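Some notes on the structure that comes next.
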There are 2 protein chains.
Amino acid sequence: MPLDRSLISGLALFAEMTPAEQEDILAKARSSRHPKDAVIFAQEEEAHSFFVLLAGHIRVVKTTPDGEQVIARYINEGELFGIAPAIGRTTYPASAIAAVDCVALAWPTRLWSDFASSYPSLTSNTYATVGRRLQETQQRVVEMSTEQVEQRVAHTILRLIKQAGRKTPEGIEIDFPITRQDIAEMTGTTLHTVSRLMSAWEDEGIVVGGRQKVTVSDPHRLMLIAEHRRKR
Amino acid sequence: MPLDRSLISGLALFAEMTPAEQEDILAKARSSRHPKDAVIFAQEEEAHSFFVLLAGHIRVVKTTPDGEQVIARYINEGELFGIAPAIGRTTYPASAIAAVDCVALAWPTRLWSDFASSYPSLTSNTYATVGRRLQETQQRVVEMSTEQVEQRVAHTILRLIKQAGRKTPEGIEIDFPITRQDIAEMTGTTLHTVSRLMSAWEDEGIVVGGRQKVTVSDPHRLMLIAEHRRKR
DNA sequence: CCCGCTATTTGCGCAACGGCAAATTGCCGC
DNA sequence: GCGGCAATTTGCCGTTGCGCAAATAGCGGG
């Protein structure tokens with residue numbers, strides 16, 4: 001069945017395209033549903049498709065040869081993912097896993113170069129995204145190099161509530177299930193240390209924990225922890 | 001004085017352009033010399049130009065609000081740098097410092113969009129570069145998350161001799177002056193720890209140290225250290 | 001409603017690494 | 001040739017945060 005243009009007309013990525021162009025792109029897309037925990041694509045796999053996430057949240061994970069995992073980022077609604085072809089790769093550099101039930105649009109990789117030449121706004125938006133991710137990743141390197149674990153975890157949680165926060169009576173909550181282990185894999189520490197930190201913060205009334213859930217009740221104080229300088 | 005096309009005709013970045021196109025691009029370039037330790041551009045500064053390095057080595061450094069520094073990467077001959085406009089930024093995200101005397105070509109930032117539309121091969125090469133840097137940076141995050149300091153330093157030195165190594169009677173030497181502090185800023189540790197590690201390696205005959213110099217005499221053994229898994 | 005699985009918490013000990021201080025070395029410029 | 005400066009080395013100690021182990025707590029399914 002044909003896809004409705006309203007699916008993508010609201011996304012910044014396609015905002016500068018005409019309705020006809022949007023129809024054209026949609027006509028070539030295939031929509032896909034992915035239940036929670038499904039592997040949408042796997043690291044090292046041939047990059048058959050690239051995607052736009054319409055609904056849900058996706059975890060992008062790198063696995064090392066000896067089985068350790070690092071979360072590269074979370075993808076939010078409206079974002080591109082799996083854009084290996086755009087950066088000159090033929091395999092995916094990481095795996096994408098549905099953090100909740102997800103809906104995405106997918107296009108065969110081989111269409112990328114057609115799209116790139118036909119729709120300059122798509123190209124420039126894509127590269128702006130890649131550039132932004134490069135910035136974010138560099139920032140993460142800086143944090144890992146210069147901050148203590150406590151500050152890194154605080155920064156990471158603040159970033160999560162900023163990009164996927166939802167207001168609740170108790171504070172701002174991360175909109176998808178996330179474990180202590182996940183937070184550890186985003187910050188380069190262990191689930192034990194994350195658990196200890198969050199327990200301490202909970203005692204101080206800064207956050208409210210829960211199974212696969214984090215709610216920040218006092219963002220300001222969490223910011224103070226994140227910015228706290230112990231030296232100098 | 002006009003610049004000679006031979007300056008850039010050998011660079012992969014311009015390889016797919018016609019001689020006439022190369023002339024056109026060169027005509028708009030300004031060449032610049034930068035003595036060792038010169039700041040070519042500074043973090044946060046308005047991005048007035050983008051560059052290609054013709055000769056020398058450049059250190060790209062991020063400085064935190066409290067004055068700590070992290071080396072984002074080294075730029076080698078033939079590489080683009082300062083390409084803020086290409087990733088949708090108006091200021092430079094880091095500073096660029098000449099590690100040795102350097103020669104570069106510079107173009108005003110406002111020309112970027114003209115070039116991007118006139119020379120598709122330049123665009124795609126540029127984005128391949130950005131993509132590669134994103135990969136490298138992610139890899140660095142993975143290393144910082146999962147490896148001990150010793151392995152990280154070993155990996156970093158191996159990477160340096162791979163991209164800027166020069167054969168000498170004693171082994172392979174990094175082609176530009178680099179201090180223990182610099183290596184610390186690439187690996188997220190301190191110059192003390194780097195010094196201790198390198199002293200130990202020197203005792204074992206794996207490297208030869210020197211002031212602002214590193215020579216690897218036994219790359220194979222250094223690789224073993226880099227890959228050494230202590231757990232599991 | 002109970003079972004079983006997974007996530008989380010927490011105590012304990014220790015190893016890796018950073019901080020500090022001081023000595024030493026090599027090099028550049030005068 | 002020498003003085004001064006920057007880079008490097010090294011010892012010692014303290015702390016952070018990890019490894020390990022075991023207990024506990026939610027949650028989903030049957």
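Model, not experiment: these values are computed from the prediction. Throughout, a chain's letter reflects where its sequence line sits, starting with A, and its residues are numbered from 1. Computation of the quantities below employed the complete heavy-atom set of this structure, encompassing side-chain atoms and omitting hydrogens, waters and symmetry-equivalent molecules.
Residue pairs meeting the salt bridge (Lys or Arg N to Asp or Glu O under 4.0 Å) criterion with at least one partner in residues 32-59 of chain A, sequence neighbours excluded, are Arg59(A)-Asp182(A). Applying the side-chain hydrogen bond (donor to acceptor under 3.5 Å, both in side chains) test to pairs two or more places apart or on separate chains, those with a residue in residues 90-104 of chain A are Arg89(A)-Thr91(A).
Taking atom CE of Met144(B) as the reference point, atom P of dC17(C) lies 12 Å away to the nearest angstrom. If you take CD of Gln212(A) and C1' of dT9(C), they are 16 Å apart, rounded to a whole angstrom. In this entry the distance linking NE2 of His228(B) with C1' of dA16(C) reads 14 Å, nearest Å. Atom CD in Glu147(A) sits about 16 Å away from atom P in dT16(D), given to the nearest Å. The CD atom of Gln181(A) sits 14 Å away from the C1' atom of dG19(D) (whole-angstrom rounding). dG18(C) atom C1' lies 12 Å from atom CD of Glu68(B), rounded to whole Å. With rounding to whole Å, Gln148(A) atom CD is found 14 Å from dC18(D) atom C1'. Here the C1' atom of nucleotide dA16(C) and the CD1 atom of Ile225(B) are 16 Å apart, to the nearest Å.
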Reading nucleotides 9-14 of chain D 5' to 3', which nucleotides get B (base under 4.0 Å from a protein heavy atom), which S (sugar-phosphate only), which -?
BBBB--
Contact pattern, 5' to 3', of nucleotides 23-30 of chain C - B, S or - by protein heavy atom under 4.0 Å
--BBS---
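For Ala96(B), the side-chain contact (heavy atoms from CB on, under 4.5 Å) partners at least two apart in sequence or on another chain are Ile40(B), Phe41(B), Ile58(B), Phe81(B). Phe176(B) meets the ring pair (Phe, Tyr, Trp, His ring centres under 6.0 Å) test with His57(B), Tyr74(B); sequence neighbours excluded. For Arg133(A), the salt bridge (charged side-chain N to carboxylate O under 4.0 Å, His left out) criterion is met by Glu79(A), not counting sequence neighbours. With sequence neighbours left out, the salt bridge (charged side-chain N to carboxylate O under 4.0 Å, His left out) criterion links Arg159(B) to Glu143(B). When the salt bridge (charged side-chain N to carboxylate O under 4.0 Å, His left out) test is applied to Arg196(B), no partner is found at least two apart in sequence or on another chain. Applying the salt bridge (charged side-chain N to carboxylate O under 4.0 Å, His left out) rule to Asp218(B) yields the partners Arg221(B); only residues at least two apart in sequence or on another chain are considered.
For dG17(D), neither phosphate oxygen OP1 nor OP2 lies less than 4.0 angstrom from any side-chain nitrogen or oxygen of Thr189(A).
For the helix from dC1(C)-dG30(D) to dC30(C)-dG1(D), the terminal axes (five pairs an end, C1' atoms, rotation from four pairs onto the next four) enclose an angle of 50°, given to 10 degrees.
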Would you list the atom pairs, donor with acceptor, under 3.5 Å between side chains in residues 204-214 of chain A and any protein atom, with sequence neighbours excluded?
none

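Side-chain contact between Arg140(A) and Thr137(B) is absent, with no heavy-atom pair separated by less than 4.5 Å.
Counted by atom type alone, Glu185(B) and Gln181(B) present one or more donor-acceptor pairs between their side chains at under 3.5 Å.
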